[in-house]
Amino acid sequence: MSGPSDYQPTNPVVKWIERRLPIFGLVHSSFVAYPTPRNLNYWWTFGAILSFMLGVQILTGIILAMHYTPNADLAFKSVESLVRDVNYGWMLRNIHAAGASMFFFAVYIHMFRGLYYGSYKEPREILWILGVIIYLLMMATGFMGYVLPWGQMSFWGATVITNLFSAIPYVGDSIVTLLWGGYSVGNPTLNRFFSLHYLLPFVIAGVVVLHVWALHVAGQNNPAGVEVKTEKDTVPFTPYATIKDAFGVSCFLLFFAWFIFYMPNYLGDADNYIPANPGVTPMHIVPEWYYLPFYAILRSIPNKLAGVIAMFSAIVVLAFLPWLDSARTRSSKYRPLAKQFFWMFVVVCVLLGYLGAQPPEGIYVIAGRILTFCYFAYFLILLPLLSRIETPRPIPNSIAEDVLAKSKGKSAVASVAIMFALAGALFAGSAGNARAAEDLVPPSQSWSFAGPLGKFDRGSLQRGLKVYKEVCSACHSLNYIAFRNLADAGGPGYSEAQAASLASEYKIKDGPNDQGDMFERPGRPADYFPAPFPNEQAARAANGGGLPPDLSLITKARSYERGFPQFIFDFFTQFQEQGPNYVSAILQGFDDKVPADVSIPAGSYYNKYFPGHSIKMPKPLSDGQVTFDDGAPATVPQYAHDVTTFLMWAAEPHLEQRKRIGLQVFVFLILFAGLMYFTKKKVWANAH
Amino acid sequence: MTTASSAGSTRRDFLFVATGAVAAVGGLATVWPLVSQMNPDASTIAAGAPIEVDLTPIATGQDIKVFWRGKPIYIMNRTKKQIDEARAVSVTELRDPQTDQSRVKDGHDNWLVVIGICTHLGCIPIAHDGNYDGFFCPCHGSQYDSSGRIRQGPAPLNLPVPPYQFVSDSKIQIG
Ligand code: FES
C-alpha cells in the first residue's frame with residue numbers, strides 16, 4: 001500500500017498474474033520491503049496484536065454462530081449446549097469472550113501509545129481518526145456481542161445502553177423503539193443485534209485496511225517522533241518487524257491463554273449465568289470493564305441528556321486530538337510536562353474505570369465528577385495550553401542517532417508503570433456481584449477442583465448427586481444435565497450402564513403418540529433430569545411465591561465482591577471459587593436465632609449469607625438426612641460440600657479438560673515464546 | 001573465519017527451523033478444535049440411540065415410515081406376492097447383487113426394513129410405486145423392487161438395510 005513496487009517476480013506463473021493483478025507486488029511492498037523505523041519499541045507490536053485479535057474474534061465468532069440460536073427463548077440454552085455438548089465448544093466460547101477483553105486491552109495500549117508518542121500529529125491525522133472510528137465500531141460490536149448470551153446482564157445492559165438514546169430531545173423515544181423493534185428489549189432486538197454483531201467485525205476489518213493504508217502512506221511514527229530521513233533509519237518490514245511482532249503476539253498469547261483456560265469467568269459477571277428476566281433487574285448493573293470509564297462519566301453528570309452527551313464526547317474528543325495538541329514535538333519523551341500529564345491522564349482513566357464499577361453513591365459520585373473534569377480538562381485545556389507554553393527538549397536529528405543514544409532505563413520504568421496502570425484498569429472491571437457491605441462474606445473453603453491442576457473428587461460428586469436426588473430435586477430443577485452426562489469423562493465416573501439404569505428410574509413425559517396423547521416412559525441416557533414443577537407458576541405456587549432457581553449453573557451464577565486489592569491477587573492465584581463458597585455457605589447459613597436488627601417476614605427464613613438475610617427456602621439439610629454408602633459422615637457440612645462439588649461439575653462439566661489442556665497450552669506457549677525470543681534476537685543481530 | 005561463520009549459520013538455521021517447526025505444530029493443534037467442533041455434538045449423538053418400533057399396527061401390504069438419526073426408515077409388511085416376486089429374480093442379473101433372504105431377518109420374511117434414501121442423490125423414494133412393486137424415486141426415476149433393490153434408473157446401489165433386530169415377534173429395535 002505504498003505505491004508502485006519494484007518487486008520483480010521470476011516465477012512465470014507469478015509473473016503472469018502480476019501483470020494482470022499486481023497483488024504480489026502489493027503484498028511485497030506493504031509487508032516485506034516496507035521500510036519501518038528501526039527504533040520501534042514493543043509498544044508498536046500492539047498493532048500486529050490487534051490485527052491478530054481481530055482475526056481470532058472473526059474466526060471464533062463465525063464458529064460460535066454455527067451453534068448459536070438468536071432467539072429470546074433459545075439463545076441462553078444454545079450457548080449452554082455449545083459449551084457442554086459441542087467438541088471444544090467451551091474453549092471456543094472462552095476464546096471469544098476473553099478475546100473481546102484482550103482486544104480492548106490491546107486497543108487501549110495502542111491508543112495510549114499513540115497519545116504518548118504523538119502519533120496523531122501531522123501528517124497522521126486521518127490515520128488517527130480512522131483509529132477512533134475503529135474504536136467506536138469495536139465498542140458497538142462488543143456491546144452487541146455481550147447481549148447475545150441473553151443472560152441477565154445481557155438483557156439489562158441492552159436495556160440501559162439503548163435507553164441512552166432516549167435522552168435525545170423529541171425523537172429519543174422513537175429512536176429507542178426503532179432500535180428495539182418493539183416496546184421493550186426482546187426477541188426482535190436480539191435478532192438485529194446478532195445480525196449487526198456479525199456484520200460489524202467485517203466493517204472493522206475494512207476500516208483497518210484504510211488504517212493500514214494511511215499508515216503506509218504517512219509512514220510509521222516512532223519513539224523519537226522524527227521522520228525517516230535516510231535508509232539508515234529503517235529496516236525492511238520482513239523479517240525485522242514481522243519477527244518482532246510475532247514475538248509480541250506470542251507473549252500476548254500467554255496472557256490471553258491465562259483467561260481462556262484458567263480464569264474464564266474472571267472478566268465476566270456472575271449475573272450473566274442467569275437467563276434474561278424482563279421482570280427483575282440485577283442489584284448492580286455493570287458494563288464490561290472496557291466501558292467502565294465512560295460509564296463513570298455518564299453517571300457523574302446529574303442530568304440525563306448532559307450525561308449522555310458527556311459520555312459520547314469523551315470518545316469523540318479523541319478525534320480532535322490532532323488539533324487540540326498543536327505542539328511541534330511529537331514524542332512525549334522530549335516534552336517534560338506533557339509526559340507527566342500523560343501519566344496523570346492514564347491514572348485518571350484507570351480511576352474512572354474503577355469508579356464505573358462502584359455503586360453510584362457518596363464519595364464515588366464526587367470522585368467521579370472530579371475525574372470527569374480532569375478527563376476533559378486534559379484534552380480541552382491542558383493539551384492546547386501545553387503546546388503553547390512548554391519548551392521541549394531537543395529532539396534527535398535522526399532515528400539512527402536516536403538508536404545510538406538510547407537511554408534504556410527510563411523507558412523500562414515507564415513500561416512497567418503503564419503495564420500496572422492498565423492491568424489495574426482491567427482488574428477494576430472484574431468486580432463481581434455487588435453485595436451490601438454488612439453481609440457476611442462466605443468463608444473460602446478448600447475445593448479439589450480449584451487451582452491449575454484441580455480435579456473433581458469422584459466420591460464427592462457421587463455423594464453430591466445423591467444429596468441432589470434425595471433433597472434438592474424436590475424443588476430445584478437441573479435442566480442442563482442429561483443422564484448421559486453422568487458417564488462423561490471428568491464427571492462423577494459412572495459407567496454408561498449405570499447412567500442408563502439411573503435414567504430408567506425416572507419417568508419422562510414423551511409424546512404425542514399416534515393417538516395424540518402424551519405418555520410417560522422410563523428415562524433414557526439422552527433425557528435430561530426432569531424438573532419438579534411443570535412451569536414457573538406451579539413452582540412459585542408450591543414455594544410460597546419464591547421461585548427455586550435451576551441448579552445447573554448456580555455455582556457460576558452466584559458470586560460476591562472480593563474487593564480491592566483482593567481481586568488483583570485472585571488473578572494470580574486463579575481464585576474463582578466465589579460461587580461454590582457461596583452455595584455451600586447458604587446451605588449452612590441457616591440459623592433459628594434471628595439477630596435483633598433483622599426482621600424476617602412470615603414464610604421466609606433467616607440465612608447469614610443470603611443478601612438481605614431473608615430467604616424463601618427453608619433449611620434444606622440436617623444431619624443424618626442422607627446416608628452415604630461410602631462411610632462419609634452424614635453431616636450438614638459434608639452434604640453441603642458434596643452437593644456443591646456436584647453442582648460445580650453440573651455448571652462446568654468440562655472443567656477438568658479445560659485445566660488439562662490449559663497446562664499443555666502453557667508448556668507449549670512458554671517454549672514457543674522462548675524460541676521466538678531467540679529467533680528475534682538472531683534476526684535483529686544483523687540490524688545493529 | 002569461514003568455519004566460524006558457517007558454524008554460526010548452522011546454529012541460526014537450527015534455531016529458525018526449530019521455531020518454525022514449533023509454530024507449525026501449534027498451528028496444527030489449533031486447527032484441530034476448530035474443525036472438530038463441526039462434528040455432531042454430544043446431544044445429537046445421544047439422540048441417535050437405538051429406537052424401538054411396534055409392528056402390530058402395520059397390516060399386510062402396508063408400510064410405515066419412522067425416523068432414526070434423522071433418516072426415514074421404511075418398515076414394510078410385504079404381501080406373499082411381493083416376497084415371491086423378490087425371490088424369483090435371478091440375483092446375478094441385478095446391478096447390486098443381493099438375495100432377498102440376505103436383506104430380511106430369518107423367520108420374519110414378510111418384514112422389509114430399509115433406509116428410505118435413494119442411493120442416487122438422496123431423495124426419498126415413494127413406497128408401493130414403480131414397475132417392481134417396491135419403491136419409485138421421483139427425482140430421477142430410480143426404481144427399486146419389493147426387496148428395496150435397484151432395478152432401473154440412475155441409482156447405483158440397493159436401499160441400505162439399517163442395523164436392527166427383532167426384540168419380539170412384533171417389535172424391532174433399530175440401531
Ligand atoms: S435421487 Fe433418486 S433417482 Fe436421483
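Quick note on labels: first sequence line is chain A, next is B, and so on, each numbered from 1.
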Please tell me if the side chains of B:Leu34 and A:Tyr88 come closer than 4.5 Å, counting only heavy atoms from C-beta onward.
-> no

Using a heavy-atom cutoff of under 4.5 Å, enumerate the residues of residues 35-54 of chain B that contact chain A, numbered in order, or state 'none'.
->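 Listed by number, the contacting residues are B:Ser36, B:Gln37, B:Met38, B:Asn39, B:Asp41, B:Ala42, B:Ser43, B:Ala46, B:Ala47.
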
Can you say whether [X] sits under 4.5 Å from chain B via the side chain, the backbone, both, or neither, judging by heavy atoms?
X        : answer
A:Tyr528 : side chain
A:Leu59  : side chain
A:Leu671 : side chain

Counting heavy atoms not belonging to [X], are there more than 12 under 6.0 Å from its [atom1]?
X        : atom1 : value
A:Asn513 : CG    : yes
B:Asn131 : CG    : yes
B:Lys71  : NZ    : no
B:Phe67  : CZ    : yes
B:Gln173 : CD    : yes

Closest heavy-atom pair and its distance - B:Thr19, A:Phe672 = O-CE1, 4.0 Å

Closest heavy-atom contact between A:Phe668 and B:Gly26?
->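 Taking A:Phe668 first and B:Gly26 second, the nearest heavy atoms are CZ-CA, 3.3 Å.
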
Contact part of B:Ala29 toward chain A, heavy-atom cut-off under 4.5 Å: side chain, backbone, both or neither?
-> neither

